Peer 1: 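Below you'll find the structure I mean.
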Amino acid sequence: MTTAAMHLTVLGAGVMGTSITTLALGHGLPVELVDVDEEKLTKARAAIERQLRMAQLMAALPADVRRGELVTSVDSEGAAGSVAVIEAITEDAGLKAKVLAEVAAAVRPGTPLITNTSSIPIAELATAVPRPEELIGTHFMNPPYLITTVEVIRGPQTGDRTLASVRSLLTELGRQAIVVRDAPGFVTSRVLHPMINDAIRIVHDGTASAEDVDALMQGCLGHPTGPLRTADLIGLDNLADSLWVLLQRTGDEGCRPCPLLLDLIERGDLGRKTGRGFYHYEESLQ
Ligand code: NAD
């Protein structure tokens with residue numbers, strides 16, 4: 001495997017890693033995309049081609065920039081030469097801590113380690129890395145190549161240099177950073193995920209169908225897609241993982257995943273990524 005110099009390393013070729021890679025390639029940045037699952041990498045390569053075409057059609061990526069080179073790998077050895085690492089693996093604190101510790105040992109000191117977690121406090125993950133001042137959180141919204149605002153989470157130990165590097169990386173990617181302090185779920189997940197859980201509970205209790213909940217939230221309250229469609233877009237497994245993180249760290253019972261959410265996950269209906277969740281989809285977004 002050869003990796004372009006000064007590339008970005010993205011860990012995890014799921015919903016977010018794939019789409020963050022599209023964003024970076026579309027802005028001319030070379031990317032090494034890493035996943036432990038070779039099949040995920042094969043799917044991601046095809047998804048990135050589709051997303052790049054869609055983003056160009058929607059004028060969501062600069063037209064005059066030469067696309068960055070993509071390299072995929074099942075190990076993160078190539079991270080040694082990267083300008084920054086974006087970790088976008090499964091929302092599991094233990095797994096993220098292990099992977100961040102491994103990659104921190106591989107990169108040059110001074111390389112920003114960016115965790116794209118939905119809810120896990122940065123301070124918690126910082127205990128796993130040797131240079132906690134280099135760890136910072138980003139919370140790209142799905143899909144990152146279309147949504148231009150990014151929540152950036154500054155952990156208590158995150159250094160000024162790391163924050164400045166991440167701000168400049170996001171500017172290079174045409175994103176606006178909103179920097180917030182560290183807390184379970186930060187701002188967006190702390191507000192959005194319990195709200196979606198409530199919407200699922202309404203469907204579970206038979207008060208209204210998913211379509212009607214979404215139609216009301218869109219038509220009356222100006223929500224762009226409706227909470228159930230948003231849940232499908234996030235991925236129901238990822239939503240439940242984030243709700244467990246919130247429940248365990250805040251004690252807020254509103255964050256306990258609704259049984260209907262857990263039933264859908266049990267059936268393998270994970271939303272857009274499997275073609276079925278609260279709705280059915282002709283093609284997967286990935
Ligand atoms: P996903 O389940 O679609 O993908 C996770 C990927 O990580 C999988 O491909 C898996 O094979 C890979 N992985 C697991 N262990 C790995 C390891 N040790 N090394 C490399 N790859 C590994 O999840 P996702 O929806 O892409 O979420 C990724 C992260 O982004 C999570 O922390 C999630 O909370 C966060 N996030 C998700 C959304 C969203 O809308 N889905 C939005 C913002 C943030």
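All ligand and atom numbering here is 1-based and tracks the order in the structure. For clarity, every value in this text was computed on a predicted model and none was experimentally measured.
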Peer 1: By number and element, which atoms of ligand 1 are closer than 4.0 Å to a non-hydrogen atom of Gly12?
Peer 2: 7 (O), 21 (N)
Peer 1: Do NZ/NE/NH1/NH2 and the carboxylate oxygens of Glu172 and Arg167 come within less than 4.0 Å?
Peer 2: no
Peer 1: So, Thr18 side chain and Ala13 main chain: donor-acceptor pair closer than 3.5 Å or not?
Peer 2: yes
Peer 1: What do you reckon, does Ser118 have a nitrogen or oxygen under 3.5 Å from a nitrogen or oxygen of ligand 1?
Peer 2: yes
Peer 1: Of all the heavy atoms in Met141, does at least one lie under 4.0 Å from an atom in ligand 1?
Peer 2: no
Peer 1: Minimum distance, heavy atoms only, to atom 29 (C) of ligand 1: which one of Ile86, Ile89, Thr230 is it?
Peer 2: Ile89
Peer 1: Spell out, yes or no, whether Phe140 and Met58 are grouped together once hydrophobic residues are joined by side-chain heavy atoms under 4.5 Å, including indirect joins.
Peer 2: yes
Peer 1: When you compare the side chains of Ser118 and His193, does any donor N or O come within less than 3.5 Å of an acceptor on the partner?
Peer 2: no
Peer 1: Please say whether the positively charged group of Arg276, taken as NZ for Lys or CZ for Arg, lies over the ring of Tyr281, i.e. under 6.0 angstrom from the six-membered ring centre and within 45 degrees of the axis.
Peer 2: no
Peer 1: Check contact between Gly235 and ligand 1, using heavy atoms of the residue and a distance below 4.0 angstrom.
Peer 2: no
Peer 1: Would Asp237 count as a polar contact of ligand 1, with the cut-off being nitrogen or oxygen pairs under 3.5 Å?
Peer 2: no
Peer 1: Going by the order shown, which atoms of ligand 1 are within less than 4.0 Å of some heavy atom of Thr90?
Peer 2: 5 (C), 7 (O), 14 (C)
Peer 1: Please confirm whether Leu11 comes under 4.0 Å of ligand 1, counting heavy atoms of the residue only.
Peer 2: no
Peer 1: Using the rule that two of Ile, Leu, Val, Met, Phe, Trp, Tyr join whenever any of their side-chain heavy atoms come within less than 4.5 Å, decide whether Ile153 and Ile114 are in one cluster.
Peer 2: no
Peer 1: Applying a heavy-atom cut-off of 4.0 Å, say which part of Lys98 lies close to ligand 1: side chain, backbone, both or neither.
Peer 2: neither
Peer 1: Is there a nitrogen or oxygen of His139 sitting under 3.5 Å from a nitrogen or oxygen of ligand 1?
Peer 2: no
Peer 1: Using heavy atoms and a threshold below 4.0 Å, how should the contact between Asp241 and ligand 1 be classified: side chain, backbone, both, or neither?
Peer 2: neither
Peer 1: Decide whether an N or O pair under 3.5 Å exists between Phe140 and ligand 1.
Peer 2: no
Peer 1: Under a 3.5 Å threshold, yes or no: a donor from one side chain and an acceptor from the other, between Ser189 and Ser242?
Peer 2: no
Peer 1: Taking atom types as modelled, find out whether Thr162 and Glu134 have a side-chain donor-acceptor pair closer than 3.5 angstrom.
Peer 2: no
Peer 1: With heavy-atom distances below 4.0 Å as the criterion, list the atoms of ligand 1 near Lys96.
Peer 2: 31 (C), 32 (O)
Peer 1: Please determine whether residues Val203 and Met217 belong to a single hydrophobic cluster, defined as Ile, Leu, Val, Met, Phe, Trp and Tyr linked transitively by side-chain heavy-atom distances below 4.5 Å.
Peer 2: yes
Peer 1: Identify, by atom number and element, the atoms of ligand 1 in contact range of Leu95, meaning under 4.0 Å from any of its heavy atoms.
Peer 2: 15 (N)
Peer 1: Can you hop from Val34 to Leu135 via hydrophobic side chains spaced under 4.5 Å?
Peer 2: yes
Peer 1: Below a 4.0 angstrom heavy-atom separation, can you tell me which part of Lys40, side chain or backbone, both or neither, approaches ligand 1?
Peer 2: side chain
Peer 1: Could you check whether Thr148 and Gln176, counting side-chain N and O atoms only, form a donor-acceptor pair closer than 3.5 Å?
Peer 2: no
Peer 1: Number the atoms of ligand 1 from 1 as they appear, then name those within less than 4.0 Å of a heavy atom of Lys273, with their elements.
Peer 2: 1 (P), 2 (O), 3 (O)
Peer 1: Please say whether Leu233 places an N or O atom under 3.5 Å from an N or O atom belonging to ligand 1.
Peer 2: no
Peer 1: Say whether Thr149 and Arg175, considering side chains only, have a donor N or O and an acceptor N or O under 3.5 Å apart.
Peer 2: no
Peer 1: Looking only at distance, does Thr117 have an N or O less than 3.5 Å from an N or O of ligand 1?
Peer 2: no
Peer 1: Going by heavy-atom distance to atom 11 (O) of ligand 1, choose the closest among Asp37, Asp35, Val103.
Peer 2: Asp35
Peer 1: Could you tell me whether Asn116 approaches ligand 1 through its side chain, its backbone, both or neither, with non-hydrogen atoms closer than 4.0 Å?
Peer 2: both
